[in-house]
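Data block below; observations after.
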Amino acid sequence: GAGVSQSPRYKVAKRGQDVALRCDPISGHVSLFWYQQALGQGPEFLTYFQNEAQLDKSGLPSDRFFAERPEGSVSTLKIQRTQQEDSAVYLCASSLRESNSPLHFGNGTRLTVT
Amino acid sequence: AQSVTQLGSHVSVSEGALVLLRCNYSSSVPPYLFWYVQYPNQGLQLLLKYTSAATLVKGINGFEAEFKKSETSFHLTKPSAHMSDAAEYFCAVTINAGGTSYGKLTFGQGTILTVHP
């Protein structure tokens, strides 16, 4: 069984460009999370989906960040008008159930904004 | 709100020596606590978790951690370090708050473990 897959693995964007980061969770996993990990820091929560419903987006740093999971499977994190401070590794994680289920992390997308 | 403090951003040990990585938490309600390991350019892998059952928790690769409420600590230990243990380790906390328990984690800053031959 495949794990959580994220693409692209690396993304370089010029300041002001829009980017889209993709996450393919483990098949059948209900819950999906996005985390942002700045260099030398621990991951920080961005947003949470239960199936297609975005139940918590309290960690999104600005309205330039938008996430969706329209069919309850693949998720996309979009960042508009990227800024240098958006440079980080973006981690996606999924879990089987709504609660009491461990997270499975992808390898992340490293975004560099120049 | 909950938080985690990892004492020591870098820990260096010799192969075969005891590994001790420190984690202190803050939570207004009983917490769930986790240790994750991250190898270079990879995602996080769960080592072990505490969920209000036994206070001494055993995980993968010979690691264990003990939940000490009086000290608000959840330190990670391994009796004998191996070269393959070199990685970054993160302590994390969440609370049992409905559907986002286990998933909405607050992470510490991480501790890089170096193992010398």
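So that the names make sense, note that chain A is the first sequence line, chain B the second, and so on, each numbered from 1. The basis for the numbers below is simple: all heavy atoms, side chains too, and nothing from hydrogens, waters or symmetry mates.
When the side chains of ILVMFWY residues are joined at heavy-atom separations under 4.5 Å, either directly or via intervening members, B:Phe74 and B:Val4 end up in a single hydrophobic cluster. Both A:Leu32 and A:Phe65 belong to a single network of hydrophobic side chains, linked directly or stepwise wherever heavy atoms of I, L, V, M, F, W or Y lie under 4.5 Å apart. Connection of B:Ile112 to B:Tyr89 is not established within any shared hydrophobic cluster, with ILVMFWY side chains joined at heavy-atom distances below 4.5 Å, either directly or through further cluster members. Under the 4.5 Å side-chain heavy-atom criterion for Ile, Leu, Val, Met, Phe, Trp and Tyr, A:Phe66 and A:Leu77 are members of distinct hydrophobic clusters.
Contact annotation for A:Ser58: only side-chain heavy atoms (C-beta onward) come within less than 4.5 Å of a heavy atom of chain B. Only the side chain of A:Tyr10 has a heavy atom closer than 4.5 Å to any heavy atom of chain B. Of the atoms belonging to A:Glu44, not a single heavy atom falls under 4.5 Å from chain B.
Closest of all the heavy-atom pairs between B:Gln42 and A:Asn107 is CA-OD1, 3.7 Å. Closest non-hydrogen pair, A:Leu91 versus B:Leu44, comes out as CD1-CD1, 3.5 Å.
Within a 6.0 Å radius of CG in A:Leu39, no more than 12 heavy atoms belonging to other residues, nucleotides or ligands are found. Annotation: A:Arg9, atom CZ; neighbour count of heavy atoms from other residues, nucleotides and ligands within 6.0 Å is above 12.
Side-chain atoms of A:Gln37 and B:Gln38, non-hydrogen and from C-beta on, do get closer than 4.5 Å to each other.
One distance of note links NZ of B:Lys104 with CG of A:Leu103; it measures 13.5 Å at 0.5 Å rounding. Residue A:His104 holds its NE2 atom at 8.5 Å from CG of B:Leu46, rounded to the nearest 0.5 Å.
Applying the salt bridge (Lys or Arg N to Asp or Glu O under 4.0 Å) test to residues at least two apart or on different chains, the pairs with a partner in residues 75-90 of chain A are A:Arg64-A:Asp86, A:Glu68-A:Lys78.
Looking only at heavy-atom pairs under 4.5 Å with chain B, the residue among A:Gly59, A:Gly42, A:Pro43, A:Gly40 that has the most is A:Pro43.
If you look at B:Phe107 and A:Phe45, their ring centroids are not closer than 6.0 Å.
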